[in-house]
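Structure first, commentary second.
Positions are given from 1 along the sequence. Computed from heavy atoms alone, side chains included, the values below leave out hydrogens, waters and symmetry copies.
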Amino acid sequence: MQHRRLALAAVAALVLTGCSGSGSGSPEKGLDDPAKKDIAMQLVSSAENSTLDWKAQYGYIEDIGDGRGYTAGIIGFCSGTGDMLKVVERYTARRPGNALAVFLPALRAVDGSDSHEGLEDAFTTAWAQAAADPAFRSAQDAERDDSYFDPAVERAEADGLSALGQFIYYDAYVMHGYADAVGTVGFRTIRAQALAEAGPPSEGGDEEAYLDAFLDARVAAMRTETSHGDTSRVETAQRVFVREGRLQLETPLVWKVYGESYRIDGS
């Protein structure tokens, strides 16, 4: 009887504490855990900026020729998609009279296009210089969380996905946005296509099979856009993590994007 009680206690402890895919015995954590979120930001930065130093990207800005105007900041806010405008509006609410505030009318005018009218060098210089202001960095953080990170993680949690699945959703939100736009396929459609092929864990499906279906749908979406024809951020990064079973984004993580190799060590 004593042995049986000890065995039952051990099972109860396992249920209460959970365990990661690495078998470490540590509780599973979602992407909103600060350490996991930092890993997610490094992964995104490797694809968006070819570096793991995402905190150095607040001042980044250039037109990468994808039809979205200027791309800038920590996740690639765009002048043509409205989120860059939201960043500057947030910044202006916190810091009235900042050097970017004068460009608000121009940002509203170019929304939905690749135009630089009313922006050009004066705007890009002001954006880069604003990166030294904590209020500007906070405005980028808030727009990232409200429009991309939080909704992606919430949807992934509802689908029963682990930290890896939550990251895969988040990265899709960053690149594609939630809804379809002219000439693009959004997260909502990518997810619907994945659900047609495999059930998520919340419906009793196998997570790795579902994530593979989601990545298949995402690759197909990327190939509809010339500027996103290189699918390495999926095939030699996220797909690798799925196949290795790193559902908790266990480190070390080793991957490639655009032919460049990256590694994150740590616990």
Side-chain angles (χ1 to χ4, degrees), residues 41 44-51 54 57-94 98-131 136-152 169-191 218-231 233-234 257-258:
M41 289 302 298
V44 169
S45 187
S46 73
E48 295 287 331
N49 303 102
S50 299
T51 177
W54 67 269
Q57 307 311 311
Y58 288 99
Y60 159 75
I61 183 166
E62 67 175 321
D63 188 328
I64 61 175
D66 64 353
R68 294 174 172 86
Y70 288 116
T71 295
I74 54 173
I75 61 167
F77 304 107
C78 296
S79 58
T81 61
D83 52 2
M84 181 180 286
L85 169 61
K86 291 180 181 178
V87 168
V88 177
E89 288 176 336
R90 288 178 184 273
Y91 180 37
T92 301
R94 299 180 185 191
N98 71 79
L100 289 172
V102 297
F103 296 101
L104 283 170
L107 286 170
R108 294 184 181 111
V110 302
D111 188 14
S113 76
D114 62 356
S115 174
H116 295 176
E117 186 173 356
L119 300 172
E120 301 296 349
D121 291 347
F123 174 71
T124 60
T125 298
W127 180 282
Q129 292 176 345
F136 182 59
R137 298 195 296 271
S138 293
Q140 289 195 38
D141 292 344
E143 180 59 23
R144 172 201 60 199
D145 289 348
D146 288 354
S147 294
Y148 299 98
F149 188 85
D150 291 348
Y169 272 22
Y170 169 54
D171 190 64
Y173 256 82
V174 168
M175 174 177 278
H176 303 277
Y178 174 69
D180 296 354
V182 176
T184 67
V185 179
F187 169 86
R188 178 174 58 190
T189 296
I190 294 171
R191 177 175 173 272
R218 183 171 176 199
V219 165
M222 292 172 70
R223 287 176 174 161
T224 65
E225 297 184 60
T226 303
S227 60
H228 291 153
D230 187 320
T231 61
R233 72 193 286 163
V234 171
V257 180
Y258 308 136

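- Close placement of the Y169 and F187 rings is indicated, their centers lying within 6.0 Å of each other.
- Between G118 and A106 the shortest heavy-atom distance is O-CB, 3.6 Å.
- Across all non-hydrogen atoms, the minimal contact from S147 to K86 is OG-NZ, 4.3 Å.
- You'll find the side chain of P151 stays beyond 4.5 Å of the side chain of Y178, heavy atoms only.
- Looking at heavy atoms from C-beta onward, I74 lies out of side-chain contact with Y60 at the 4.5 angstrom threshold.
- R191 meets the side chain to side chain donor-acceptor pair (under 3.5 Å) test with D159; sequence neighbours excluded.
- Looking at heavy atoms from C-beta onward, F149 lies out of side-chain contact with V174 at the 4.5 angstrom threshold.
- Atom OG of S115 and atom CG of D63 lie 10.0 Å apart (nearest 0.5 Å).
- Counting heavy atoms from C-beta outward, I75 and W54 have side chains that stay 4.5 Å or more apart.
- The shortest side-chain heavy-atom distance between W127 and V88 falls under the 4.5 Å cut-off.
- Partners of D114 according to the salt bridge (charged side-chain N to carboxylate O under 4.0 Å, His left out) rule, which considers only residues two or more places apart in sequence or in another chain, do not exist here.
- Scanning all heavy atoms of the two residues, the minimum distance from A126 to L100 falls at CB-CD2, 3.6 Å.
- A donor-acceptor pair is defined here as one N or O able to donate and one able to accept, closer than 3.5 Å; no such pair exists between the side chain of S46 and the backbone of T51.
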Intermediate values then yes/no, salt bridge (Lys or Arg N to Asp or Glu O under 4.0 Å), R223 and D230: CA-CA 8 Å; R223 287 176 174 161; D230 187 320; over 6 Å; no
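- Separation of atoms CD (E62) and OG1 (T71) is listed at 7.5 Å; rounding is to 0.5 Å.
- Within the 4.5 Å cutoff, the side chain of Y70 has heavy atoms near those of the L119 side chain.
- Ring orientation note: the planes of F103 and F123 are nearly perpendicular, at an angle over 60° on the 30°/60° scale.
- A salt bridge links D141 to R144: at least one charged side-chain nitrogen sits closer than 4.0 Å to a carboxylate oxygen.
- Taking the side chain as every heavy atom from C-beta outward, L104 and T92 approach each other to under 4.5 Å.
- Here the straight-line distance linking atom CZ of R233 with atom CE of M175 works out to 3.5 Å at 0.5 Å rounding.
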Criterion salt bridge (Lys or Arg N to Asp or Glu O under 4.0 Å) on R218 and D171, from CA distance to verdict: CA-CA 10 Å; R218 183 171 176 199; D171 190 64; 2.6 Å; yes
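- With rounding to the nearest 0.5 angstrom, the CG atom of N98 is 12.0 Å from the CD atom of Q129.
- Taking 4.5 Å as the limit, some side-chain heavy atom of M84 sits within range of a side-chain heavy atom of L107.
- Residues satisfying the side chain to side chain donor-acceptor pair (under 3.5 Å) criterion with Y91, sequence neighbours excluded, are D133.
- Closest non-hydrogen pair, Q140 versus G73, comes out as OE1-CA, 3.2 Å.
- A salt bridge is absent between D180 and R188: the closest approach of a Lys/Arg side-chain nitrogen to an acidic carboxylate oxygen does not fall below 4.0 angstrom.
- Here the OG1 atom belonging to T184 is positioned 6.0 Å from the CZ atom belonging to R68, to the nearest 0.5 angstrom.
- Applying the salt bridge (charged side-chain N to carboxylate O under 4.0 Å, His left out) test to pairs two or more places apart or on separate chains, those with a residue in residues 103-113 are E89-R108.
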Worked verdict on T81 versus D83 for side-chain hydrogen bond (donor to acceptor under 3.5 Å, both in side chains): CA-CA 6 Å; T81 61; D83 52 2; 3.0 Å; yes
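- Between the CG atom of L85 and the CZ atom of R90 there is a distance of 11.0 Å, given to the nearest 0.5 Å.
- In this view, D150 satisfies the salt bridge (charged side-chain N to carboxylate O under 4.0 Å, His left out) rule with no residue, not counting sequence neighbours.
- Residues that satisfy the salt bridge (charged side-chain N to carboxylate O under 4.0 Å, His left out) test with R94, not counting sequence neighbours, are absent from this structure.
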